[in-house]
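Atoms within each ligand, like the ligands themselves, are counted from 1 in listed order. Below, each value reflects all heavy atoms present in this structure, side chains not excepted, and no hydrogens, waters or symmetry copies. Starting from 1, each residue takes its place in the sequence as its number. Predicted, not measured: the structure shown is a model, and the values here were computed from it.
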Amino acid sequence: MTIDRGRLKNLLAAEQERFDTAHPRSRALFERAKKSLLGGVPMNWMVRWAGTFPIFVREAAGAHFTDVDGHRYLDLCLGDTGAMTGHAPAASVEAIAAQARRGITFMLPTEDAVWVGEELARRFGLPYWQTTLTATDANRFVIRLARHVTKRPKILVFNWCYHGTVDETFATVRGGAVVARDGNLGPPVDPAVTTRVIEFNDVSALEAALSHGDVACVLAEPVMTNIGIVHPEPGFHDALRKATRRAGTLLVIDETHTICSGPGGYTRAHGLEPDILTIGKPLAGGVPAAVYGLSAEVAERIRAATTVEGADTGGIGGTLAGNALSLAAMRATLEKVLTKEAYARTIPLAERFVAGVEAVIAEHRLPWHVTRLGCRAEYWFRASPPKNGAEAAAAIDPDLDRYMHLAALNRGILMTPFHNMALVAPDTTEADIDLHTRVFRESVAAILGS
Ligand SMILES: Cc1ncc(COP(=O)(O)O)c(C=O)c1O
């Protein structure tokens with residue numbers, strides 16, 4: 001099946017016009033914002049939405065939000081996992097409001113910190129925990145710690161990974177060499193100095209990359225989620241764990257997105273044994289909070305290799321990290337929102353999403369596929385699931401992507417930007433999922449002219 005690109009271009013132009021006409025208030029706010037905010041947005045990613053300008057949010061609850069023009073949307077983006085709990089989950093909001101009245105940040109612990117540490121240990125199986133404000137920070141700090149305790153200079157990541165704005169990870173392989181990812185702004189050093197990059201699921205490349213004895217840690221999502229969803233092949237995690245142990249390299253598992261697998265992430269669901277685990281985004285119901293967990297052995301090595309005097313200059317910081325508000329929010333969210341019962345609702349809904357999309361793909365014999373991980377699902381423009389980041393990246397189709405996103409947005413559905421991804425919140429309903437299937441079917445029919 002080939003897509004008529006001229007037709008797609010016309011469809012996109014029509015959707016663009018429809019979008020512009022429907023959002024006069026967002027457009028006016030964007031025009032005003034351009035005078036005080038770089039690019040008209042408070043944060044640079046917000047220019048990457050499919051419309052000519054971002055829609056401005058008025059309010060949100062559960063799986064829906066309303067924009068300043070009064071349109072109501074089904075949110076399948078959910079703040080790119082930051083709001084996987086649904087928007088404004090009641091238990092988190094109550095705890096946040098109560099803690100805000102009692103004080104927000106002290107640079108001293110509160111009792112909630114202890115509860116959170118105990119709960120994280122129970123969920124993920126690692127005994128010692130630290131808090132940061134973002135998953136990016138968690139990843140940055142554990143890379144430092146891994147280098148410090150192993151006395152090795154390099155880290156290893158998988159091609160097309162994303163772990164936040166972490167310098168060492170903005171690397172890719174081109175012609176066999178490690179180079180900066182396109183768009184990498186002002187890299188402090190050539191990433192080839194700091195980083196080895198191999199393809200996901202390639203055990204022999206892994207063994208070769210670790211054989212030099214200079215890799216402090218492997219930093220990996222257990223399932224890649226930032227270049228579509230790329231699942232590990234059977235036996236890959238076993239091989240990864242064995243190879244890292246053999247090489248004296250620490251294994252860091254980043255569960256920031258894969259927490260969609262279940263309450264203890266992919267790690268607990270699949271019995272992984274990382275030395276270090278990082279996670280951020282939805283942990284505090286949308287309030288900035290992230291954590292990293294350490295095995296007893298790594299914790300002991302850190303204790304032995306650090307001093308109290310150096311604690312404020314060691315490169316691990318954040319004045320607001322561990323603040324009372326984040327911890328109260330994390331406690332309430334872990335106790336009452338990101339529960340086993342919530343996953344029991346959201347995972348079947350993601351299965352329903354996949355069944356709907358799969359049916360449309362089959363009806364039209366499209367060379368596309370849809371993959372799921374827990375309550376996250378994503379369709380991708382290639383016939384079979386990719387084995388690694390390079391295969392997935394080769395199937396990116398920016399025009400098709402833009403059209404699918406904009407057509408969905410104009411029909412009341414927000415998909416995750418830079419992805420064709422849907423995340424399901426506890427408040428999402430079967431009717432919501434069926435709305436997506438209907439809109440997906442209509443969009444495909446429009447592309448094919450059928
Ligand atoms: C797997 C993973 N780790 C870490 C991060 C960084 O999260 P944050 O931007 O909240 O620091 C992201 C962000 O998308 C991510 O996908």
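M330 pairs in a side-chain contact (heavy atoms from CB on, under 4.5 Å) with only one of the listed residues (V291, L338, D112), which is V291. The side-chain contact (heavy atoms from CB on, under 4.5 Å) test with L423 is passed by exactly one of T346, L78, D75: L78.
A salt bridge does not link D275 to R301: none of the charged side-chain nitrogens sits closer than 4.0 Å to a carboxylate oxygen. A salt bridge is defined here as a Lys NZ or Arg NE, NH1 or NH2 lying under 4.0 Å from an Asp or Glu carboxylate O, and E233 with K387 fails to meet this definition. Under a 4.0 Å N-O distance rule, the pair R196/D214 qualifies as a salt bridge. Checked for salt-bridge contact, D80 and K281 meet the test: a charged N lies under 4.0 Å from a carboxylate O.
Listed by chain and number, T134, A135, T136, N139, Y162, H163, G164, E221, N226, D254, T256, H257, K281 each place a non-hydrogen atom less than 4.0 angstrom from ligand 1.
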